[in-house]
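Letters A, B, ... mirror the listed sequences (proteins, then strands); counts begin at 1. Nothing here was measured: the structure is a model prediction, and the numbers come from that model.
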Protein chains: 2
Amino acid sequence: MTATIIDIAKKAGVSVSTVSRVLNNKPDVSKETQERIRATIKDLDYSPNKVARNLVLKRSNVIGFIASDITNASFPELARGVVVKAKEYGYSVMFFDAHKDSRVEKEAIGLLRSKQVDGIILSFNEANRDELLKLRDENFPVVQIYRKSSESMISTIAIDNVANGYLGTKYLLDAGHTRIGHITTGDLTQSGYERKLGYLKALTEANIDIDENLIVEGVSSVEAGRECMERLLELKSRPTALFASHDVLAIGAYDAILDRGLSIPGDISVVGHDNIEIAKMIRPRLTTIDTFKYILGQASVDLLIEEMAVESHQCKELVYPGELVVRDSVRIL
Amino acid sequence: MTATIIDIAKKAGVSVSTVSRVLNNKPDVSKETQERIRATIKDLDYSPNKVARNLVLKRSNVIGFIASDITNASFPELARGVVVKAKEYGYSVMFFDAHKDSRVEKEAIGLLRSKQVDGIILSFNEANRDELLKLRDENFPVVQIYRKSSESMISTIAIDNVANGYLGTKYLLDAGHTRIGHITTGDLTQSGYERKLGYLKALTEANIDIDENLIVEGVSSVEAGRECMERLLELKSRPTALFASHDVLAIGAYDAILDRGLSIPGDISVVGHDNIEIAKMIRPRLTTIDTFKYILGQASVDLLIEEMAVESHQCKELVYPGELVVRDSVRIL
DNA sequence: TTGTAGGCGTTATCAA
DNA sequence: TTGATAACGCCTACAA
């Protein structure tokens, strides 16, 4: 039986309201009683029951965080940003993994709400537009990460995929490459789609004809990257450079290239996207685009806090540009 | 204003207890009223306030999970195991990152408890023995992951580090290597210390004299691995093989070896430990020891649930053996 | 089969 | 400066 506010009130010879006052640092309580109460609190090792407090306050000081896939390489940094920032604001985070399953995601939303979380951060979600609209209608604080959604009217922290796709491709172009392959998750994911747009834009701008054969599509995995690259290598006129829409794809591409006895960047230059931890560990170290995941995680809770403070549902959209991290996988011609 | 049990009681023309009964699938409620109530629940999109429920039930159906470092490469799989298994039991998980700071860890424990979590899983913690003892004394369910603690009397899920160290070294021995270096976190971490014990045991068993010069110590990071390997490479009689106590160390060692123009496994064979995701992506693919992190995460929840069910604090200790994953980084002599 | 009422541990309003 | 007391939303004897 852990102590309650009543226990300490009795022991200190005061009423519960007085105890509650010192607990919440309210004014109007004499120095002496204050000290006496503080002492007995320490004495009984008492700590207020947050559940009871939440019930009356109607707020829990916890925010929900739903990752669409916890094994995503970008997750750890992102999560750390969320947790760190939440703590700064005095919030704890309750955590769910949706396994990329939108049904699970929906369940998580319901559970989180029934647990009275004060707001929800969704990352990487692929669907559930209806759920989101419902939340919005109820004026419930939510922010999405990584998914622009001007149409869905939910506050969002996103990265500028088009600009990043452009950035990566442009770098290759500037290095003198003209035959640049692109491995992409394509229309399978919004991010892939957008990065491809950037890739196309850079080529078009450089007056290079788009060769559809140079664009191969696969899911976001090492294996897919490998397969895609193999297809590229079989082309009669193979590319001298590659822009992969995700680092994992680039890593798969490495395998295919190196297994053919080709060299990176000697024969083929590679630029990735995401700057996952592995990028700087593989050889040659991968030139890629950093997306500041830790910062994004933090920004998402900033935005959520803002959302919670404001009366009516706003709909801010913060788009973060990426930054090219030059390492050793591109050959300057 | 979201609906409460009273709202639906009124609307359905029954008392709150009856509603509560159907909410909790209790018997003794007629088919008709049951249906009527279910209907209005659906109608008002009602979902019980878990905070209120927790207050009376004195249980929250959430378990706390404190990672000592969320950026640890083993974390994602472990966390997934925890989250998945917890969900199976109907539990949610509230999540903290201690940044390896035992003060933060202590805070997290306090916070989690004040939030009335039903149990706590601690992973990778380095210190806070006092906190743990306090929890044990209060009969509060806790399980530690990765840290054997026979002395601390807390239930634990651990991996058999000594056996694993032996396993990795023995494999190198069986491959014909006799001059085997060891990069270790040494006495800095319990896991490193134990794996080193395994390394020593294997050598001793093979009647190979221990050469202290072959054992270098550093923190668990790629950079440290690199530096340690450099020292090994400067030896007049350099090793032909290496057992690294952590994959990240092995990856750093790769850098040092390859930068010298040496080949893996041609000149130097490498065995790691952990089987982090990167291990199969680097080249040559790293032979290492898998520790079944996903399973461990799940097992920790199983154990915690067991702990919660039992009256008195038990103190089970489950030790999981690792498994060698043979890939391409070892040369058979 | 259903309803009444007390209690879970806090906070907050209103008196004293 | 302090103390009763009514919420908060739910569950659970106990009664009816």
Side-chain angles (χ1 to χ4, degrees), chain A residues 1-41 44-62 90 110-118, chain B residues 1-41 44-62 90 110-118:
Chain A
M1 293 302 80
T2 83
T4 78
I5 197 174
I6 298 182
D7 296 323
I8 88 112
K10 275 185 186 147
K11 188 130 189 257
V14 294
S15 75
V16 291
S17 1
T18 309
V19 178
S20 179
R21 280 187 192 100
V22 347
L23 247 26
N24 298 289
N25 303 308
K26 303 258 167 127
D28 296 334
V29 40
S30 75
K31 280 270 174 290
E32 301 121 39
T33 43
Q34 202 167 136
E35 274 165 23
R36 188 151 35 94
I37 292 175
R38 288 244 153 72
T40 66
I41 285 179
L44 273 56
D45 195 23
Y46 164 79
S47 140
N49 181 325
K50 295 251 166 87
V51 173
R53 173 179 280 171
N54 294 344
L55 183 59
V56 28
L57 259 30
K58 289 169 175 306
R59 62 200 294 282
S60 59
N61 269 36
V62 0
L111 196 52
L112 249 14
R113 295 215 55 186
S114 75
K115 290 212 183 273
Q116 311 296 112
V117 300
D118 297 337
Chain B
M1 294 302 82
T2 81
T4 77
I5 196 174
I6 298 182
D7 295 324
I8 88 110
K10 275 186 186 147
K11 187 129 190 258
V14 293
S15 75
V16 292
S17 21
T18 310
V19 179
S20 178
R21 280 185 192 103
V22 346
L23 247 26
N24 299 290
N25 304 308
K26 303 258 165 126
D28 296 333
V29 41
S30 74
K31 279 271 174 288
E32 302 122 37
T33 44
Q34 201 166 136
E35 273 164 23
R36 187 150 36 94
I37 291 175
R38 287 245 152 72
T40 68
I41 285 179
L44 272 56
D45 194 23
Y46 165 80
S47 140
N49 180 326
K50 296 250 165 87
V51 173
R53 173 179 281 171
N54 295 345
L55 183 58
V56 25
L57 258 30
K58 288 169 173 306
R59 62 200 294 283
S60 59
N61 269 39
V62 1
L111 195 53
L112 249 14
R113 294 214 54 187
S114 74
K115 290 207 183 276
Q116 312 296 111
V117 299
D118 297 337

Check every strand shown and say whether [X] touches a base, only sugar-phosphate, or nothing at a heavy-atom separation below 4.0 Å.
X	answer
B/S20	base
A/N54	nothing
B/V14	sugar-phosphate
A/K31	nothing
B/L55	base
A/D28	base

Need to verify one output field. Residue with the more 5' nearest nucleotide on DNA chain C, B/R36 or B/V56?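 The residue closer to the strand's 5' end, by nearest nucleotide, is B/R36.
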According to salt bridge (charged side-chain N to carboxylate O under 4.0 Å, His left out), who are the partners of A/D45, at least two apart in sequence or on a separate chain?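 With neighbours one apart ignored, the set is B/K134.
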Does A/R113 have any salt bridge (charged side-chain N to carboxylate O under 4.0 Å, His left out) partners at least two apart in sequence or in another chain, and if so, which?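 Testing A/R113 for salt bridge (charged side-chain N to carboxylate O under 4.0 Å, His left out), a comparison that skips the adjacent residues, returns A/E138.
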Derivation and outcome, side chain to side chain contact (heavy atoms under 4.5 Å, CB included), residues B/V62 and A/K115: CA-CA 10 Å; B/V62 1; A/K115 290 212 183 273; 3.8 Å; yes
Go nucleotide by nucleotide along DNA chain D from the 5' end; which of A/S17 and B/P48 gets its closest nucleotide reached first?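 The residue mapped nearer the 5' terminus is A/S17.
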Nucleotide range of DNA chain D lying under 4.0 Å from chain A heavy atoms: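 Contact boundaries, 5' end first: D/dT1 to D/dG9.
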Distance in Å, [X] [atom1] paired with [Y] [atom2], rounded so as to fall on 0.5 Å steps:
X	Y	atom1	atom2	value
A/I5	A/Y46	CD1	OH	4.5 Å
A/K31	A/Q34	NZ	CD	5.5 Å
A/Q116	B/T2	CD	OG1	6.5 Å
B/N54	B/D118	CG	CG	8.0 Å

Where chain B begins and ends its contact with DNA chain C, read 5' to 3' at 4.0 Å from heavy atoms: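 Answer, 5' to 3': C/dT1 to C/dG9.
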Side-chain donor-acceptor pair present, B/S15, B/T18, cut-off under 3.5 Å: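 Distance-only check passes for B/S15 and B/T18.
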Do A/N24 side-chain atoms and A/K26 backbone N/O form a donor-acceptor pair below 3.5 Å?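 Between the backbone of A/K26 and the side chain of A/N24 there is no qualifying donor-acceptor contact (under 3.5 Å).
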Nearest heavy-atom pair of A/A52 and B/L55: which atoms, and what distance?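 So the minimum-distance heavy-atom pair works out to CB-CD1, 3.6 Å.
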Tell me which donor-acceptor pairs under 3.5 Å the side chains of residues 6-14 of chain A have, and how far apart each pair is, sequence neighbours excluded?
residue	atom	partner	partner atom	Å
A/D7	OD2	A/T4	N	2.8
A/K11	NZ	A/D43	OD2	2.8

Using five base pairs at each end, measure the axis-to-axis angle across the helix from C/dT1-D/dA16 to C/dA16-D/dT1 and round it to 10 degrees.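 It works out to 40° between the end axes.
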